[in-house]
Amino acid sequence: MNTPAITFSHDQAAAFDTISELLRGVGVNLDDTLLTPQSDGKQVVAAVTGKAGSGKTLLLAELVKTLEEAGVDIVSGDYEGKKRKDRRTLAVLAPTNKAASVLRMRGVPATTIHRIIYTPVYDPEYEKIAEWLADNGERPQIEGLTDEALDRAAEFFKLHKSVPGALAAAGLRGSDFITGWKRRDDPLDIGFVDESSMLDDKQFEDLKEIFSTLVLFGDPAQLAPVNQSGTMVFDKLPEPSVLALERIHRQDADNPILDLAHALADPQLEFQDFERMVEEAARKDDRVVMAQRVEVDLMARSPVLVWRNATRIRLINAFRAVHGAPEDELMEGEPLICDGIELPIKHRKKRLDLEARGLIKGAQVIYLGPGRKPGFSRLHVMGAEDPRVSAASIVKIEKPDEEEPFIPFAARMGATFLHGAAVTIHKAQGSQWENVQVFAPDLFVAARMGRVEAGQPLWKRLAYVAITRASERLHWVVRNRLAKPTGPLVIDDLQAAPAPLTLEVQDEMS
């Protein structure tokens, strides 16, 4: 067996061996790094499930590393290169940009499902550079590009493996080298999907059409997608195809946030008992905070997590009020959540451009200021590899006890946004922040109502998802109060993408 460099727990090692055997059956032998061409018609689907801290991501990362060492090529959403008959490929996917960025921070070259379903069409001249970067062609000579520019592109690609980023480093804009987007025609080979508890049946079917070998990684304790009747896609797989990780990896064994998450599995645990556990954890460890109020300073980068829409709307309006935000415009630094893109079919290319840059439903965005045309906004897409984008925007600010949202400004059509200072726990799935504030009064209401989802009290599922969004510190907010901000909203903490990568969608939209 090709032994991993790290030490696995028993169930991680068993899952690694099982997946290795599965891959051997489709022509990828990790024992002797022997790769045989992909066979047609054979479909293999498996899943690795486990709660937070069980080592799913560690296992996924080690499998990716081992596959790369065996000669399997990583396919990203940027560029695939020329196809070879004997080539074996792997794509690592996540449902959202935020989830993909969590994997990338751990060294796993992940992209979003959308970026795999839709692929860029490159200008033939600049495609020569992409082929050269991918070691499939000779160093090109491109009119208008110096040797120094090509050297910058090669240096960037060596570090980041991003073709668009490398071309930007050479001084090119996205509109120079990407002429359009198309839905993938050709199937792919092996796909690993993280946060697969978020997948709905339609996405799962799309992925099965694209990948002949599909391995899902998911947490069965999270909330199922809306309209899935409390079930997740891996719940429907035959039992031998689901590998469950039960043990908590030793690196996470002293994490009080994970301790609280796993305590929720106790069927005898009541809400008031759990709050006492939170209070006790807060006394022992500063990674857990028993908060008497919502900290408004944290809301600009990590939303307060709530259950009820009414709570979300009240908190958003309180956030804007304490910052003195005018009703008729947004302030720089205000957080937004993309609620979709409203464009007619004839502007399909613009839709795909925006979605490829990260403006997909649920994306977290920071408002940077107005664009160059009325109704346009400059935006920073959190978790996107190239975060700066300018786009026609429709911003909706919901008001308490009012059916229709207030719209401070809007283009005729474009990307639509809700305010992002607070979000529902359902929408937070797949995301992670250093500091997370959980609005406990909402969970108390869910507990008092006695609602059940997939055989478990709803408040426990909500609490589990909410607190496992915190990577560093959990703030358990027990009162309906809001602290005053310590300063104005800022944007200078945001990573800027190279200026050439800014995508300005400025054609007339009618």
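Here the structure is a predicted model, which is why all the values come from computation and not from measurement.
The side-chain heavy atoms of Leu90 and Asp73, taken from C-beta on, include no pair separated by under 4.5 Å. For the pair Asp339/Lys427, a side-chain contact is recorded, criterion being any heavy-atom separation below 4.5 Å from C-beta on. Under the 4.5 Å side-chain criterion, counting only non-hydrogen atoms from C-beta, Asn435 is not in contact with Glu472. Inter-residue side-chain proximity for Ile337 and His419 is flagged as unmet; no heavy-atom pair is nearer than 4.5 Å. Two residues are said to be in side-chain contact when any heavy atoms from C-beta on lie closer than 4.5 Å; Leu199 and Leu207 meet this criterion. Between Pro187 and Phe211 there is no side-chain heavy-atom pair separated by less than 4.5 Å. For the pair Ile257/Val288, a side-chain contact is recorded, criterion being any heavy-atom separation below 4.5 Å from C-beta on. Residues Val306 and Ile425 have side chains not in contact (no heavy-atom distance under 4.5 Å, counting atoms from C-beta outward).
Residue pairs meeting the salt bridge (charged side-chain N to carboxylate O under 4.0 Å, His left out) criterion with at least one member in residues 439-449, sequence neighbours excluded, are Arg308-Asp442.
When all heavy atoms of Arg479 and Phe439 are compared, the pair lying nearest together is O-CE1, 3.9 Å. Considering all non-hydrogen atoms of both residues, Pro95 and Ile360 come closest at O-CD1, 4.0 Å. Residues Ala52 and Leu258 approach most closely at CB-CD2, 3.5 Å, considering heavy atoms. Contact detail for Glu453 and Ala224: the closest heavy-atom pair is OE2-N, 3.6 Å. Between Arg469 and Gln432, the shortest heavy-atom contact is O-CG, 3.0 Å. When all heavy atoms of Leu305 and Ala466 are compared, the pair lying nearest together is CD1-O, 3.8 Å.
Here Arg461 contributes atom CZ and Leu223 contributes atom CG; the two are 7.0 Å apart, rounded to the nearest 0.5 Å. Interatomic distance, Thr111 OG1 to Leu103 CG, rounded to the nearest 0.5 Å: 11.0 Å. Distance check, rounded to the nearest 0.5 Å: OG1 of Thr213 to CG of Leu188 gives 11.5 Å. Rounding to the nearest 0.5 Å places CD of Gln222 at 9.5 Å from OG of Ser196. Atom OG1 of Thr36 sits about 11.5 Å away from atom CZ of Arg24, to the nearest 0.5 Å. Note that CD1 of Ile19 is 7.5 Å distant from CG of Leu23, once rounded to the nearest 0.5 Å.
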*Where do Arg87 and Leu35 land on the side chain to side chain contact (heavy atoms under 4.5 Å, CB included) test, with the steps shown first?*
CA-CA 8 Å; Arg87 185 187 188 210; Leu35 306 180; over 6 Å; no
*Run the numbers on Trp476 and Phe274 for ring pair (Phe, Tyr, Trp, His ring centres under 6.0 Å), then give the verdict.*
CA-CA 11 Å; Trp476 186 262; Phe274 182 70; 5.5 Å; yes
*Val233 and Asp200: side chain to side chain contact (heavy atoms under 4.5 Å, CB included), yes or no, with the steps?*
CA-CA 7 Å; Val233 292; Asp200 60 30; over 6 Å; no
*asked:* Between Val477 and Arg293, is the side chain to side chain contact (heavy atoms under 4.5 Å, CB included) condition met? List the steps.
replied: CA-CA 6 Å; Val477 181; Arg293 60 182 61 83; 5.7 Å; no
*So Arg320 and Asn317, side chain to side chain donor-acceptor pair (under 3.5 Å) or not? Walk me through it.*
CA-CA 5 Å; Arg320 300 198 80 233; Asn317 281 271; over 6 Å; no
*Run the side chain to side chain contact (heavy atoms under 4.5 Å, CB included) check on Leu494 and Leu368 step by step: do they pass?*
CA-CA 10 Å; Leu494 299 171; Leu368 302 178; 3.8 Å; yes
_Please evaluate residues Arg287 and Asp285 with respect to the criterion salt bridge (charged side-chain N to carboxylate O under 4.0 Å, His left out), reporting the C-alpha separation (whole Å), side-chain torsions for both, the decisive distance (0.1 Å), and the verdict._
CA-CA 5 Å; Arg287 288 175 287 182; Asp285 198 307; 2.8 Å; yes
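Using the six-membered ring where Trp is involved, Phe271 and Trp459 have ring planes that are perpendicular, over 60° apart on the 30 and 60° scheme. Between His262 and Tyr464, the ring planes lie perpendicular to each other; the angle is over 60°, past the 30° to 60° tilted range.
No side-chain donor-acceptor contact under 3.5 Å links Gln429 to the backbone of Met198. Judged by distance alone, with hydrogens and angles left aside, the side-chain atoms of Arg473 form a donor-acceptor pair with the main-chain N or O of Asp286 at under 3.5 Å. Between the side chain of Thr18 and the backbone N or O of Phe16, no donor-acceptor pair lies under 3.5 Å. Proximity of a side-chain donor or acceptor of Ser302 to a complementary backbone N or O of Met299 within less than 3.5 Å is not detected. Lys208 contributes no side-chain N or O that, together with a main-chain N or O of Leu214, makes up a donor-acceptor pair within less than 3.5 Å. Ser471 places a side-chain N or O within 3.5 Å of a backbone atom of Trp433 that can act as its donor or acceptor partner. Of the possible polar contacts, one joining the Arg104 side chain to the Ala110 backbone as a donor-acceptor pair under 3.5 Å is found. Checking side-chain atoms of Ser241 against main-chain N and O of Leu237 turns up no donor-acceptor pair under 3.5 Å.
In this structure, Glu68 places its CD atom where more than 12 heavy-atom neighbours from other residues, nucleotides or ligands lie under 6.0 Å away.
A salt bridge between Lys51 and Asp219 is absent, with no side-chain N of the basic residue lying under 4.0 Å from a carboxylate O of the acidic one. Between Asp194 and Lys56 no salt bridge is recorded (no basic side-chain N to carboxylate O distance below 4.0 Å). Between Arg276 and Glu279, none of the side-chain N atoms (NZ, or NE/NH1/NH2) sits under 4.0 Å from a carboxylate O, so this pair counts as no salt bridge. With respect to the salt-bridge test (charged N to carboxylate O, under 4.0 angstrom), the residues Asp493 and Arg301 qualify.
There is a side-chain donor-acceptor pair under 3.5 Å between Ser212 and Gln38. Judged purely by distance below 3.5 Å, without hydrogens or angles, the side chains of Gln12 and Ser9 pair a donor atom with an acceptor atom.
With Leu336 as the partner, the side chain to side chain contact (heavy atoms under 4.5 Å, CB included) test is satisfied by one option alone out of Val395, Leu418, Val381, Thr416: Val395.
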